[in-house]
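As structure tokens, the structure follows; a few thoughts come after it.
The basis for the numbers below is simple: all heavy atoms, side chains too, and nothing from hydrogens, waters or symmetry mates. Along the sequence shown, the residues carry numbers beginning at 1. Note that the structure is predicted; figures quoted are calculated from it, not measured.
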Amino acid sequence: MDRIRKYSWVFLCVLLNGFVMCSIPHHTIAEDTIPVGESLSGNQKIVSRGGRFELGFFKPGKHSQNHYIGIWYKFSVQTIVWVANRDAPILDPFASMFKILNGDLVLLNNLSQMPIWSTYLVSNTLNANEVVLGDDGNLVLRDGSNPTVVIWQSFDYPTDTWLPGGKLGFSKKTNQSQKLTSWRSREDPATGLYSIVADPGQNGNSQYHTYWNNSKPYWNSGKWDEKSKTFLLVPEMRLNFIFNYSYISNVNESYFTYSVYNNSIISRFVIDFTGQINQLRWSERTKKEWNLFWSKPEQPCDVYGICGPFGNCNQDTGNCECLPGFVSQSSADWSLRDSTGGCVRETPLKCGNKDMFLPIPTLNLPDNPQSSDRNSSEECKSACEDTCTCSGYTFDRQCQLWDGDIKNFKFFNQFPSSRKQVTFYLRKAATDVRSPDPRSTTGGRKMQAIGRKIIIPVCVLVAAIMGVLGYIYLFKKNKANKRGRLKGIQEVLTNLFKSNTPNTSMFDDRETQELRIFNLACLVIATNNFCLKNKLGEGGFGPVYKGKLQNEQEIAVKRLSTNSRQGIEEFKNEVELISKLQHRNLVKLLGCCVEGEENMLVYEYMPKRSLDAFLFDPRKKVHLDWDTRFNIIGGIARGLLYLHRDSRLRVIHRDLKVGNILLDDNMTPKISDFGMARIFGADQIIANTNRVVGTFGYMSPEYIMGGIFSEKSDVFSFGVLILEIVSSKRNNSFYNPEQPLNLLLYTWRLWNEGKWTEVVDEALGYLYSPLEVIKCIHIGLLCVQNRAIDRPTMAEVDLMLSSETDRPAPEEPPYNLPASSDKLGFHCSNNNVTLTAVVGR
């Protein structure tokens, strides 16, 4: 009985508690709506009806303690598209409320009930009773009883992001522009230095300008062309198979808007905190990243003030660095890629003539110079020394001085030959001589001074003696070897310049081109004494320089490193081989130089450089439309076919890769770098080597594992190259320890699943020929089959590319695992590293 009474009381308490709880009013916010009387606080949020966007409180980075109310894509990678209180952060979202109050949308402090941010609709007479987050990312304040009436919307007040359906424009009634303004840094959404603003122009011909600090324009779009639906200076907007751009102008306003033809495509337009405008699209393949369509300005260094005071923007790398004698003002900001705060001096100036001037060659002088009437460089220097705030000067027919901060300095490692260099003299503190410890005695200071006077000369003398002895030892050790190698090269050259009769040449006369012997002085003048600014690149053989002969012909000079045994052999091989080859898809050797310790090859200069510079650069690959890519594939195939079959002897390249495909002005591909090539006899099919050379990711499995190479080795490399050209992805970019996929296996699996479109570079959109793409992917997979016997010859490849012949089904490509290469005794790091290894067999 007692137990029954006990459980009866428990049941009664539960029943009473339930009744009380049910009697307390509970309001739940609709999934995409905040109704009047409700609010967001803490970790609460609303989600758009289609699930694409979220609104709530967020923290913009790992290092930030500030919180903001904003809208973001509901992805694994949080991408903020709008921020309400960007210049009024809060520390505790649980002490704040986002709600409708008196017809305004406000962010309130819970304790003081003071607005931190508000829409400030002072003249609003409408009944705003709900705010709704749309699946387009637009936050709308409206009257719930009349949803078509928009009282306020976030699309009218964008921050740094412009979404499809939004607009950027100019109000003719208020003379105000809608604009995008960048974040302050990667982790700070505060109003930044860069903005893009509509300029209505004359006769309704609108264009857009980007500004630094709302005052300094540094880029413009050019006028809108209604016929092509593009801005004149943004040809990349031709990607209108995805985006539908419109320009609207009427008596009230003029604005630019865009939409996407396929609503499943997720796109955004953003002005980055680095000052560049980017058009991006979410990757449906990886679902982890944004792909860049285009960026303006194309070069980071063309953004005004990107490196701040006393910062230098390196035109070759696009990175900011401090001028000599300066350090970053905030290392924390620079680590977040915000370098706009610039640099400060390491050592204060002494003023007068106690400072030094560092000469820096440049093409772009800093901003805001002041002209002076001084008539010589020395007078100009004195004028700067006389003013303590003068930071630098230059004298080129006239004297120019820079007072205070040096801004917008740009330095080139490689100066365009068409532009004139100017020397800028940067003022910096002279190197300080450390004073002795003030606590030491006069005698002690004298002893220290005497000690320094004795020790320094003794150290210098010992180092000099050791250096001389070491040089003599190395010179004697290598002299015989170098002399022998040089003699071998000279013998090769002698044979090349004998009469090319059928009895003395292995090649037909029509295949032999005229080679020139260049003297060293000629090449020194052509390359400006092998100046660093003319350096095009460097490999295992040594550096390559751009030069210009007296007849204005541009050349590329391959200068053999004197310390490279491998380079000597490559040099001999390349002179002997490529001098006998002539085809429009092979790089042309003009001549060579063998003089003293110098061994150089002289080639035609290829202004577009190598294919990889375009293919794997998000900004440059927009120049590779499908027709260009298909022509490049065909040109490489014809060049390789010539090497394998159309010259009298077969040549196996052994290092075919995108980095060895050079492009001329017309984007015609030319195969280069024959240092590792081998000649086959007329009846020879395969060869074997104990020295495996090539580039990991392009080498065939039989070559890696057994040192066996043949035509089919080059065919395998060509197959890799085709798939990289179609996808703009490197072969090894897919490597994952848990799922060892490379580009070859990734493509093969998608091909078998009928998803070949996912292989194609997203930058191409739908502007390509499906039949040609299918053909190229199919041929690429046939070329990279595991067994050499299954791969087609280059003759068969050329036929398949130029016609619609039947093609067999491809077999699964091999797994190119780093573990396999470790067993062979060499290290593989990436697709651009050329290897040399001895195979243990």
Side-chain angles (χ1 to χ4, degrees), residues 212-213 215-218 299 301-316 320-327 342-433 524-535 546-548 550 552:
W212 171 82
N213 206 22
S215 59
K216 184 76 174 180
Y218 61 89
Q299 301 301 324
C301 291
D302 290 337
V303 176
Y304 183 86
I306 188 61
C307 298
F310 300 107
N312 164 54
C313 193
N314 191 311
Q315 291 283 85
D316 299 296
C320 286
E321 52 202 31
C322 290
L323 292 174
F326 293 80
V327 293
C343 308
V344 293
R345 292 187 182 276
E346 286 186 290
T347 306
L349 297 175
K350 299 294 184 182
C351 203
N353 58 4
K354 298 177 182 179
D355 301 316
M356 64 175 290
F357 287 89
L358 180 69
I360 303 176
T362 183
L363 298 178
N364 296 78
L365 290 172
D367 282 352
N368 305 319
Q370 299 175 2
S371 297
S372 173
D373 58 358
R374 304 302 174 97
N375 296 320
S376 68
S377 181
E378 283 301 316
E379 290 181 5
C380 193
K381 176 183 177 183
S382 297
C384 190
E385 288 176 334
D386 292 342
T387 306
C388 290
T389 57
C390 180
S391 300
Y393 76 93
T394 187
F395 187 85
D396 182 24
R397 297 183 181 176
Q398 65 171 345
C399 175
Q400 295 185 90
L401 308 174
W402 278 262
D403 191 63
D405 291 345
I406 300 293
K407 293 181 180 178
N408 225 40
F409 195 93
K410 300 175 186 177
F411 174 76
F412 294 75
N413 283 334
Q414 299 178 17
F415 291 94
S417 57
S418 59
R419 298 181 61 183
K420 180 182 178 182
Q421 295 181 38
V422 180
T423 300
F424 177 81
Y425 293 90
L426 175 68
R427 188 176 190 173
K428 56 176 291 190
T431 304
D432 290 334
V433 178
V524 167
I525 295 171
T527 60
N528 195 14
N529 197 19
F530 303 102
C531 181
L532 183 61
K533 71 176 184 180
N534 288 333
K535 189 174 179 180
K546 179 183 176 181
K548 183 180 285 188
Q550 291 183 347
E552 299 297 314

Any chance you could measure [X], atom [atom1], to [Y], atom [atom2], to the nearest 0.5 Å?
| X | Y | atom1 | atom2 | answer |
| --- | --- | --- | --- | --- |
| Gln370 | Thr387 | CD | OG1 | 8.5 Å |
| Lys381 | Phe395 | NZ | CZ | 14.5 Å |
| Leu426 | Phe409 | CG | CZ | 7.5 Å |
| Lys428 | Thr347 | NZ | OG1 | 8.5 Å |
| Asn368 | Gln400 | CG | CD | 11.0 Å |
| Leu365 | Thr423 | CG | OG1 | 9.5 Å |

Looking at every non-hydrogen atom in both residues, tell me the closest pair between [X] and [Y] and how far apart they are.
| X | Y | answer |
| --- | --- | --- |
| Pro348 | Ala429 | O-CB, 3.6 Å |
| Cys313 | Ile306 | SG-CG2, 4.1 Å |
| Ile360 | Pro324 | CD1-CD, 4.3 Å |
| Asp386 | Arg374 | OD2-NH2, 4.5 Å |
| Ser391 | Phe310 | OG-CZ, 3.7 Å |
| Cys388 | Leu349 | O-CD1, 4.1 Å |

Parallel, tilted or perpendicular for Tyr425 and Tyr393, by the 30°/60° rule?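 Ring orientation of Tyr425 relative to Tyr393: parallel.
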
Mind telling me whether Phe424 and Trp402 have parallel, tilted or perpendicular rings, with 30° and 60° as the class edges? perpendicular

Go through the steps to decide whether Cys343 and Cys307 satisfy the test disulfide (SG to SG under 2.5 Å), and finish with yes or no. CA-CA 8 Å; Cys343 308; Cys307 298; over 6 Å; no

Short N-O contact, Asp355 and Arg427, less than 4.0 angstrom: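 Between Arg427 and Asp355 there is a salt bridge, with a charged N closer than 4.0 Å to a carboxylate O.
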
Dump the intermediate steps for side chain to side chain contact (heavy atoms under 4.5 Å, CB included) on Tyr218 and Asn408, then the final yes or no. CA-CA 11 Å; Tyr218 61 89; Asn408 225 40; over 6 Å; no

Tell me whether Cys380 and Cys399 have SG atoms closer together than 2.5 Å.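 Yes.
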
